[in-house]
Chemist: 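This structure is in C-alpha cells; I'll ask about it shortly.
Fair warning: this is a prediction, and the values are worked out from it, not measured in the lab. All residue numbers in this chain count up from 1 along the given sequence.
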Amino acid sequence: MSKILSTHVLDATDGTPAAGMFVHLLSPERDVIASASTDADGRIAEIAPEGLIAATYSLVFETGEYFAARGQETFYPEVCVSFVLDDPQRGYHVPLLLSPFAYSTYRGS
C-alpha cells in the first residue's frame with residue numbers, strides 16, 4: 001500500500017502558485033481513480049487513495065482550463081505526467097513547473 005502521493009504546480013508566467021487547477025490521477029489502465037484541485041499554494045497534499053500498488057500511474061493537469069480562467073492562451077490543454085511508483089512504502093511528490101507554452105517536471109522529495 002502506498003504512503004502518499006502529492007503534487008504542486010508553479011505558474012512560471014508570474015512565479016506564483018497555480019491555485020485552483022484540477023488534477024486527475026489515472027490508474028495503469030488509464031481510468032481516473034482520484035481528482036483534486038490545487039490549493040492557494042498550488043499544492044495537493046494527498047491525491048492518491050489508499051492502496052496504490054507498484055505500477056505506472058499518470059497525473060493529468062488541466063492546464064487549458066487553468067489558463068482560460070486567467071484569459072491566457074496556451075499551447076497545452078492538458079499536461080500528462082506518467083511515472084513509475086516502484087516502492088509503495090515511500091512517499092512520492094510529482095511537481096509541475098508551468099507556463100502557457102512550456103512545462104517541466106521532476107521527481108520531487
Chemist: Is there a donor-acceptor pair closer than 3.5 Å between any side-chain N or O of Tyr92 and the backbone N or O of Asp86?
Modeler: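 Here the side-chain-to-backbone pair exists.
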Chemist: Quick check: do Leu52 and Leu85 have side-chain heavy atoms less than 4.5 Å from each other?
Modeler: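 Leu52 vs Leu85: side chains touch.
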Chemist: Start with the C-alpha gap between Leu5 and Phe83, add the side-chain angles, then the distance that decides, and say whether side-chain contact (heavy atoms from CB on, under 4.5 Å) holds.
Modeler: CA-CA 11 Å; Leu5 174 61; Phe83 59 96; 3.8 Å; yes
Chemist: Compare every heavy atom of Phe61 with every heavy atom of Val94, then report the nearest pair and how far apart it is.
Modeler: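 The pair with the smallest heavy-atom distance is O-CZ, 4.2 Å.
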Chemist: Give, for atom CD1 of Ile44 and atom OG of Ser37, the distance between the pair rounded to the nearest 0.5 Å.
Modeler: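 It is 6.5 Å, given to the nearest 0.5 Å.
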Chemist: Supply the atom-to-atom distance Leu59 CG to Leu96 CG, rounded to the nearest 0.5 angstrom.
Modeler: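 Between Leu59 CG and Leu96 CG, I get 9.5 Å after rounding to 0.5 Å.
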Chemist: Has the side chain of Thr63 got a donor or acceptor atom that lies under 3.5 Å from a matching backbone atom of Tyr76?
Modeler: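 Looks like yes, one N/O pair under 3.5 Å.
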Chemist: To the nearest 0.5 angstrom, please state how far the CG atom of Leu98 sits from the OG atom of Ser104.
Modeler: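 That separation rounds to 9.0 Å.
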Chemist: For the residue pair Thr16 and Asp14, what are the closest heavy atoms and their distance?
Modeler: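 Heavy atoms of Thr16 and Asp14 come nearest at OG1-OD1, 2.6 Å.
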Chemist: Relative to the ring of His93, is the ring of His8 parallel (under 30°), tilted (30 to 60°) or perpendicular (over 60°)?
Modeler: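 His8 and His93: parallel rings.
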Chemist: Compare all side-chain heavy atoms of Phe75 with those of Pro100 and state whether any distance is below 4.5 angstrom.
Modeler: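 No, side chains not in contact.
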Chemist: With the side chain counted from C-beta on, respond yes when Leu25 and Val32 share a heavy-atom pair under 4.5 Å apart, and no when they do not.
Modeler: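 Result no, sub-4.5 Å side-chain heavy-atom pair not found.
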Chemist: Would you mind reporting whether Glu62 and His24 have side-chain heavy atoms less than 4.5 Å apart?
Modeler: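 Answer yes - side chains close enough.
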Chemist: Hey, is the main chain of Thr74 close enough, under 3.5 Å, to the side chain of Gln72 for a donor-acceptor pair?
Modeler: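 No.
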Chemist: Quick check against the 3.5 Å criterion: does Thr13 have a side-chain atom that pairs as donor or acceptor with the backbone of Ser99?
Modeler: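 Checked: no pair found.
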Chemist: Ignoring hydrogens, what is the shortest heavy-atom contact between Ala34 and Ile47? Give both atom names and the distance.
Modeler: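 That closest heavy-atom pairing would be CB-O, 3.1 Å.
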Chemist: Go through the steps to decide whether Arg30 and Ser58 satisfy the test side-chain hydrogen bond (donor to acceptor under 3.5 Å, both in side chains), and finish with yes or no.
Modeler: CA-CA 8 Å; Arg30 310 291 291 168; Ser58 299; 2.7 Å; yes
Chemist: Nearest 0.5 Å, what's the CD-OG1 distance between Glu29 and Thr56?
Modeler: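 Reported value, rounded in 0.5 Å steps: 10.5 Å.
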Chemist: Would a 4.5 Å heavy-atom cut-off, applied to side chains only, mark Tyr66 and Asp11 as touching?
Modeler: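 Sidechains of Asp11 and Tyr66: in contact.
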